[in-house]
Amino acid sequence: YRRMAKALKTDAVSENLLNRQFKEHGLRKVLLTDITYIPCCGVFFYLSAIKDAYTMQILAYVLSESLEIDFVLETVNLLLSNYGQTLDCETLIHSDQGCHYTSKKFRQIVKDAELRQSMSRRGNPYDNAMAENFFSILKTECICRHKPASFCEANEMIDRYIHFYNHERIQLKTGEAPLARRLST
């Protein structure tokens with residue numbers, strides 16, 4: 001991982017434009033992205049997800065067997081293919097300062113899509129807490145209860161859980177499911 005991080009790392013770190021102001025934005029104006037590890041049979045899989053801070057909906061996600069940058073780029077491309085027409089130059093995509101997000105490839109996709117990139121301050125997890133919160137909920141309510149036996153099973157479990165999360169799970173912050181919140185705006 002360190003070798004890959006060194007190869008991907010650039011000196012370019014984006015400013016923290018979000019600065020924990022999660023509530024002040026509308027539909028698809030603040031997108032939060034991060035990566036988490038999914039344990040499975042003694043190995044790890046890696047989940048990249050993009051969440052709308054307003055509705056709490058998971059807009060795009062990709063599970064990978066490798067921590068290489070491609071699955072993060074695939075997640076952003078999935079977001080753009082599904083929601084690109086509703087995103088504009090006011091849309092903020094916020095992440096931590098991980099090597100995937102400081103890479104030239106990631107930064108170029110964000111720039112080409114005319115999105116604004118924002119990054120958490122170094123050593124400050126609170127700026128990306130909403131993305132981390134989703135991963136914590138996913139692991140607690142899904143992965144820890146039913147340990148997947150294979151990549152395919154993990155992918156199916158995550159697909160089902162994210163569908164539940166987006167369509168049925170009531171969010172404490174909003175009092176409604178993400179899809180209901182999106183449809184009400």
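Taking all atoms of both residues into account, the shortest heavy-atom contact from Asn133 to Lys51 is OD1-NZ, 4.5 Å. Closest approach of His100 to Leu67, counting heavy atoms only: NE2-O, 2.7 Å. Scanning all heavy atoms of the two residues, the minimum distance from Cys40 to Pro148 falls at SG-O, 3.1 Å. Annotation for Asp52 and Arg28: closest pair OD2-N, 3.0 Å, computed over non-hydrogen atoms. When all heavy atoms of Leu80 and Ala113 are compared, the pair lying nearest together is CD2-CB, 3.7 Å. When all heavy atoms are compared, the tightest approach of His94 to Asn128 is CD2-OD1, 3.5 Å.
Of the inter-residue distances, the one linking Thr33 atom OG1 with Met119 atom CE reads 10.5 Å to the nearest 0.5 angstrom. Distance OG1/Thr140 to CZ/Arg145: 8.0 Å, rounded to 0.5 Å. Note that CD1 of Ile50 is 12.0 Å distant from CZ of Phe134, once rounded to the nearest 0.5 Å. Rounding to the nearest 0.5 Å gives a distance of 8.0 Å between OH of Tyr37 and CZ of Phe44. Between atom CG of residue Asp70 and atom OG of residue Ser48 there is a gap of 11.5 Å, rounded to the nearest 0.5 Å. Rounded to the nearest 0.5 Å, atoms OG (Ser64) and CD1 (Ile38) are 11.5 Å apart.
Inter-residue side-chain proximity for Lys111 and Gln117 is flagged as unmet; no heavy-atom pair is nearer than 4.5 Å. Annotation: side chain of Glu65 is not in contact with side chain of Val43 (no heavy-atom distance under 4.5 Å). In this structure the side chain of Arg169 reaches within 4.5 angstrom of the side chain of Ile137, judged on heavy atoms. Side-chain contact between Leu78 and Val76 is absent, with no heavy-atom pair separated by less than 4.5 Å. Counting heavy atoms from C-beta outward, Tyr165 and Leu138 have side chains that stay 4.5 Å or more apart.
Within a 6.0 Å sphere centred on CD of Glu114, heavy atoms belonging to other residues, nucleotides or ligands number 12 at most.
Between Phe71 and Tyr46, the two ring planes are tilted [angle within 30° to 60°].
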- prompt: Taking it one step at a time, do Thr75 and Asn77 satisfy side chain to side chain contact (heavy atoms under 4.5 Å, CB included)?
  reply: CA-CA 5 Å; Thr75 308; Asn77 285 326; over 6 Å; no
task: Report the C-alpha separation of Lys139 and Thr36 in whole Å, then their side-chain angles, then the decisive distance to 0.1 Å, and conclude whether the side chain to side chain contact (heavy atoms under 4.5 Å, CB included) test is met.
output: CA-CA 10 Å; Lys139 288 176 180 179; Thr36 195; 2.6 Å; yes
message: As a quick check of understanding, evaluate side chain to side chain contact (heavy atoms under 4.5 Å, CB included) for Leu87 and Leu31, giving each step before the final call.
response: CA-CA 10 Å; Leu87 307 177; Leu31 309 177; 4.2 Å; yes
message: Using side chain to side chain contact (heavy atoms under 4.5 Å, CB included), reason through Tyr101 and Ile35 one step at a time and then give a plain yes or no.
response: CA-CA 10 Å; Tyr101 305 113; Ile35 298 168; 3.3 Å; yes
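Screening Val110, Leu32, Leu92 for a side chain to side chain contact (heavy atoms under 4.5 Å, CB included) with Ser118, the sole residue that qualifies is Leu92.
The side chain to side chain donor-acceptor pair (under 3.5 Å) check on Glu74 picks up nothing, with sequence neighbours excluded.
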Only pairs under 3.5 Å count here: list side-chain donor-acceptor contacts from residues 153-164, not counting sequence neighbours, and write none if there are none.
{"unit_1": "Glu153", "atom_1": "OE1", "unit_2": "Ala149", "atom_2": "N", "d": "3.2"}
{"unit_1": "Asp159", "atom_1": "OD1", "unit_2": "Tyr61", "atom_2": "OH", "d": "2.7"}
{"unit_1": "Tyr161", "atom_1": "OH", "unit_2": "Glu141", "atom_2": "OE1", "d": "2.4"}

